Structure formats: C-alpha cells, structure tokens
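Just so it is clear: chains get the letters A, B, ... in the order the sequence lines come, proteins before strands, and each one is counted from 1. The shown structure was predicted, so the numbers you read here are calculated from the model rather than taken from an experiment. These numbers come from the heavy atoms of this one structure, side chains and all, not from hydrogens, waters or symmetry mates.
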There are 2 protein chains.
Amino acid sequence: MDLEPTKIPQATAKRLPLYYRFLNNLHSQGKMRVSSKELSDAVKVDSATIRRDFSYFGALGKKGYGYNVEYLLSFFRKTLDQDETTDVALIGVGNLGTAFLNYNFTKNNNTKIKIAFDASEERVGTEVGGVKVEHIDDLEEKMGDLTVAILTVPANAAQGIADRLVKAGVSGILNFTPARISVPHHVRVHHIDLAIELQALVYFLKHYPLEDEEF
Amino acid sequence: MDLEPTKIPQATAKRLPLYYRFLNNLHSQGKMRVSSKELSDAVKVDSATIRRDFSYFGALGKKGYGYNVEYLLSFFRKTLDQDETTDVALIGVGNLGTAFLNYNFTKNNNTKIKIAFDASEERVGTEVGGVKVEHIDDLEEKMGDLTVAILTVPANAAQGIADRLVKAGVSGILNFTPARISVPHHVRVHHIDLAIELQALVYFLKHYPLEDEEF
DNA sequence: TGGAAGTCGTTAAATCCTTCACATAGGAAC
DNA sequence: GTTCCTATGTGAAGGATTTAACGACTTCCA
Ligand SMILES: NC(=O)c1ccc[n+]([C@@H]2O[C@H](COP(=O)([O-])OP(=O)(O)OC[C@H]3O[C@@H](n4cnc5c(N)ncnc54)[C@H](O)[C@@H]3O)[C@@H](O)[C@H]2O)c1
Ligand SMILES: NC(=O)c1ccc[n+]([C@@H]2O[C@H](COP(=O)([O-])OP(=O)(O)OC[C@H]3O[C@@H](n4cnc5c(N)ncnc54)[C@H](O)[C@@H]3O)[C@@H](O)[C@H]2O)c1
C-alpha cells in the first residue's frame, strides 16, 4: 500500500491538526505566504521542527520565499481528510459530555458528534447541543458504522462500555475517564486524564523551576 | 539545591500521578504488595519503564518480592506533595468551566479549584460546584497568592486573560483554549487541545492501522 | 536447609524526536 | 540580467525515552 509516505513520526502527526488550524486562521486573514519562523511564533513550535515536519511530505515551500498559504492549506486538507466529515459517538452525557455536545467541534474541524448515549432515564430522549440522547441499552443497535467514540462515563463503567464499543465495531476511543481500559490490539485508545494533567502541571511548577534564561 | 534528585525525566514525572492513583486503588483494596508486572497491567505502561521510573528515586522495592504498597504510597505522597493541597483558579465558567467546577478534583488528588471568574453578569455571583463565581474585573484583587490557573475562556480572550494572570503572579496555566498563548519564560503553560486530540485520533486511525500483532 | 521461581535495579542497545547549521534555490530589487 | 538576500530542506549531532536483557538477591516450598 504505502500511498502515504507512511514513515511520518507520530510526534509530527500530532502537530498536523495544529498547523492546519493556524493556516486556516492566516488564510482567513488574507495572508498569502508564511515562513516557518512566523508559523513558529504562532504555534509555539521550533521553526526547524516545522520545516522538518513539512519536509516529510516533500518540498512544500520555496527557498528564500517561504510557504504559499493557500497551497499548504489545500495540501493539508487532503492529507488530513478534511473534506469528509468523521462522525463520532459520545457515551455519558454528564458534566463533561454535555460540555462537548454543546461545543461545536465542527468549526475548522472535520469531526462531529452524531449520536450520544446515557444510562439515566432523565437524560435519555432529551437533546443536547442538537444531538439526541439515546439509551445505552440501544448502543449496539444504533451505533451504525461509527468507528470513533468519546468516553465520558464514570470510571467504574468505562471498561464495560469499552467492551461493548469494541464489539460494536469501534476502533478508536477518546477516553476521558481515569480508568485505563483494556482493548484488543486493533483498537486505539487515547487517554486524556484531566486530573493528572493538573497534578503534573503542579508537580512541574514545584520541581522544575523555569530559569529566566535568555535575558 | 537539588534536594530532590532533580534529574527525573519529564516523561517519568508525567506518569507519577498515574502511579499514585493506582497505588491508592490497590491500597484501598487491601493489597499489601505489588510487582512491576501487575502495575503494568493496570496502568498500561511497560513494566521495565515502571521499574526504571521508580529507580530514579532509589531502591524502592525488594528483589524477588516486588514493592510494598503502603511504603510506595507514602513515598509518592511525599514526593508529589499530596499532603498539602494546591489551590487553583478557574477563568471562564462556560460549558467546560462548569464541568470542571462540578467535578471534584480533590478525590485522590491534592488540587482544588478555589475561585472562579467570568465576564458574564448572569454568571457572576452564582455558585457552581461550591465555588463562588467572581467578576473578571476583580481578578487581580481576588487572586490572592494562587499561582495556578485553568483557562476556559473563548479563544479570543485567552491572551488578554493570560497576560493579566501573569501580572497577578500566576506561574502555571492549564490552557484549554485553542489559542497558543505567549508568556514570559518563567511561566509554564500546558495546552490541552481537545479538538486536536480528536482530530489526531482520527488521523492515526486512518493512517496508522494497528497490526493484529501477537496472535 | 537447599534449590527453584520470582522480581528488582541497571547496563547497554535501540528507537524516537529535536535542534543546529549551512549549502542552495529562488524571489526581489534595480 | 545580474546580484543580493532570504528562508527552505536536510545531514549530522545531540537528547530523550523506551525496551531488552540479565545478574543479584528474596521469598517460598519441599
Ligand atoms: N467533569 C470533569 O471535570 C472531569 C474531570 C476529570 C475526569 N473526569 C472524568 O470524566 C468522566 C465523566 O465525568 P463527569 O463529570 O461528566 O461525570 P458525570 O457523573 O457528570 O457524568 C457521567 C454520565 O454518565 C452516565 N452514565 C453512568 N453510567 C453509564 C453507563 N453504564 N452507560 C452510559 N452512561 C452512563 C451518567 O448518567 C452521567 O450522565 C468520569 O469518569 C470522570 O472521572 C471528569
Ligand atoms: N466545550 C468544549 O467541549 C470545548 C472543546 C474544545 C475546546 N474548547 C475551548 O475551551 C474554551 C471554553 O469553551 P466553552 O465551551 O466552555 O465556551 P463557553 O462560551 O461556554 O464559555 C466561555 C465562558 O467564558 C466567559 N468569558 C468570556 N470572555 C471572558 C473574559 N474576558 N473573562 C472571563 N470570562 C470570559 C463567558 O462568559 C463564558 O461563560 C474555548 O476556548 C473553547 O474553544 C471547548
């Protein structure tokens, strides 16, 4: 296969959506060209890293000139499949789940929450952020061919729901619960552990004082 | 200074709160000892990585035995300063901010949202999750000596608020807005960009198919 | 008591990622 | 056209992190 260069480092892949978003900003501001240095200031990524990242896709820029915003944008649009929208499901319409539903991920973004599930009778049947809340019992029946799910249920329900999601054909889970879930090898789970992020920030502040270098 | 071993890799530091949480779970389940292998299954981190992480703090375990849960726990409690609570401020009581306020970060956790700010007259004066919402105009006056802030305002307000936070003495910001904010060198910003996390997951699913290895 | 089984701590290798530094291509100026 | 200048693309170096591998020491059981 290998239509795509395949060898793009994961670290680079994680930065692509960020580049894409800022290129969009520049474009809507009417900017025609941009240098790795300018982009660096905007996204706070070293300019050499940006050039290296771009270079994995070939020579996208011109020496002595920089990058053409429109060209770069259309290139990334294809690369990131921004043409087609990816629909995702959300499980657990509580505090976090409600926030996500109310937020429109679709701005500058090719992902959209298409369906939501909850166990609480009070929630089921209501509509949040334009998405109808279904009963968790109907998960298998109503998932259709969605392959990505956002998990915002209580931690103790996480593994059970994950198992059902996998059986229903899901291959990617964005897990916001503190539970570390077990899934088959072909399923990808990304953990976003907000409590840990906060603790880690505090730890770094106390133990890794930033020097006022470069002054 | 170097009271602490100082040379702990950042990657290790980020895993410490995770270890701490799971050790707490084990402890409350009455488990007395644990091996790096067991812990590995629970937190989904390679057992060699766990042993290496722990070894930065000295010899915490016993060969042929494993680790004493209680000892490990009390060690990490000190290391992570779990005795003292760190108070943080939250700016922007919207969808996300409300979710965070309603969530009790304090379980298993030494951080607590102590004060919240918003610009909307409707919000100011109300109480969310037991925290009173102050007016953003009173930020400087009411921050006291808090040094950590969670930023959940609209993207276009992010830089302005960040500047004010820094002037008010904040040295750590957990930034949930898509804006990449600029701060002085002595201030640490951690970005949590939910839209990008979702896009990155989708990108990985499409371009990095997981092989069903080991079967 | 002795030997087998288990698990740590660590050395060394492998992998992955970032940054430096500069030759070189191409635009801009005139 | 010719020259100057700028910013790319990349080879090489440098860091950081993960993983493999194994010697050493402990427990546990016969
Ligand atoms: N809210 C936060 O700020 C925050 C921060 C860090 C972590 N988290 C984690 O995110 C997750 C969700 O947090 P929250 O604050 O939204 O919790 P919540 O209790 O407000 O929401 C959970 C929702 O899941 C539903 N639910 C429960 N069991 C279910 C099941 N079996 N199937 C389907 N739905 C079910 C509940 O009805 C509820 O609506 C939790 O695991 C929490 O630990 C939340
Ligand atoms: N909700 C989500 O799921 C989600 C997902 C991804 C990113 N985000 C980002 O997180 C941020 C917050 O999102 P949200 O959905 O909670 O937005 P929101 O609009 O619901 O909340 C923003 C809150 O900030 C307040 N505010 C506005 N300007 C302010 C100012 N100058 N000072 C203080 N408060 C001010 C508003 O009154 C409002 O209550 C946004 O930047 C958004 O892009 C949110």
Side-chain angles (χ1 to χ4, degrees), chain A residues 5-16 18-19 23 26 31-72 75-76 185 191 200 203-204 207-208 211 213-214, chain B residues 5-16 18-19 23 26 31-72 75-76 185 191 200 203-204 207-208 211 213-214:
Chain A
T6 275
K7 281 292 86 179
I8 290 158
Q10 305 222 353
T12 295
K14 287 207 203 133
R15 283 187 291 264
L16 297 182
L18 184 61
Y19 297 147
L23 287 170
L26 292 179
K31 258 186 106 56
M32 304 302 288
R33 66 186 249 192
V34 66
S35 69
S36 59
K37 182 63 175 49
E38 285 175 279
L39 213 42
S40 170
D41 290 341
V43 300
K44 316 290 180 199
V45 171
D46 187 275
S47 68
T49 300
I50 292 179
R51 290 200 299 283
R52 162 87 37 180
D53 283 347
F54 287 2
S55 79
Y56 290 116
F57 298 98
L60 300 178
K62 291 204 185 98
K63 302 194 176 187
Y65 174 89
Y67 301 90
N68 178 296
V69 173
E70 195 135 3
Y71 176 72
L72 212 47
F75 180 84
F76 278 124
H185 299 96
H191 292 274
Y203 182 84
F204 276 115
H207 296 77
Y208 294 69
E211 322 86 42
E213 29 178 71
E214 48 220 292
Chain B
T6 275
K7 281 294 88 180
I8 289 160
Q10 304 222 351
T12 295
K14 286 204 202 137
R15 284 188 291 264
L16 295 183
L18 184 62
Y19 297 147
L23 287 171
L26 292 178
K31 260 187 100 61
M32 305 300 290
R33 64 186 250 191
V34 66
S35 70
S36 60
K37 183 63 175 46
E38 283 176 279
L39 213 41
S40 170
D41 291 340
V43 300
K44 317 288 179 201
V45 171
D46 187 274
S47 68
T49 300
I50 292 178
R51 290 201 298 283
R52 151 94 54 227
D53 283 348
F54 287 2
S55 78
Y56 289 116
F57 299 99
L60 300 179
K62 289 208 190 91
K63 303 192 176 187
Y65 173 88
Y67 301 89
N68 178 296
V69 172
E70 194 135 5
Y71 176 73
L72 212 49
F75 180 84
F76 278 124
H185 299 96
H191 291 274
Y203 182 84
F204 276 113
H207 297 77
Y208 294 69
E211 320 87 42
E213 28 180 73
E214 48 221 289

Gap separating the [atom1] atom of [X] from the [atom2] atom of [Y], nearest 0.5 angstrom:
X     : Y      : atom1 : atom2 : value
B/K14 : A/F204 : NZ    : CZ    : 5.5 Å
B/K31 : B/E38  : NZ    : CD    : 4.0 Å
A/K62 : A/R33  : NZ    : CZ    : 10.0 Å
A/D53 : A/I8   : CG    : CD1   : 9.5 Å
B/R15 : B/F54  : CZ    : CZ    : 10.5 Å

- Note on the structure: In short, B/Y67 meets B/R51 closest at the heavy-atom pair OH-CG, 3.8 Å

- Note on the structure: A/S47 and A/S36 have their tightest heavy-atom pair at CB-O, 3.7 Å

- Message: Please classify the nucleic acid contact of A/Y67 as base, sugar-phosphate, or nothing, using heavy-atom distances under 4.0 Å.
- Response: sugar-phosphate

- Item | Summary of protein contacts for nucleotides 23-30 of chain D, nucleotide by nucleotide, where a base hit scores B, a sugar-phosphate-only hit scores S (4.0 Å, heavy atoms) | BBBBSS--

Length of the line joining [X]:[atom1] and [N]:[atom2], which is rounded to integer Å:
X     : N      : atom1 : atom2 : answer
A/F54 : D/dT8  : CZ    : P     : 9 Å
B/R52 : D/dA16 : CZ    : C1'   : 12 Å
B/I8  : D/dA16 : CD1   : P     : 14 Å
A/R51 : D/dA7  : CZ    : C1'   : 7 Å

- Message: Do B/L39 and B/V45 have side chains that approach each other closer than 4.5 Å (heavy atoms only, starting at C-beta)?
- Response: no

- Message: Measuring only between side-chain heavy atoms, which start at C-beta, is A/Y19 closer than 4.5 Å to A/T12?
- Response: no

- Message: What range of DNA chain C does chain A touch, first nucleotide to last, counting atoms under 4.0 Å from its heavy atoms?
- Response: C/dC17 to C/dA28

- Query: Side-chain N or O of B/R15 less than 4.0 angstrom from OP1 or OP2 on D/dT18?
  - Reply: yes

- Note: contacts of residues 34-45 of chain B with DNA chain C (heavy atom, under 4.0 Å) are B/S35, B/S36

- Residue pair B/V43, B/I50: steps toward the side chain to side chain contact (heavy atoms under 4.5 Å, CB included) verdict: CA-CA 10 Å; B/V43 300; B/I50 292 178; 4.1 Å; yes

- Would you call the rings of A/Y208 and A/Y203 parallel, tilted or perpendicular, where under 30° means parallel and over 60° means perpendicular? tilted

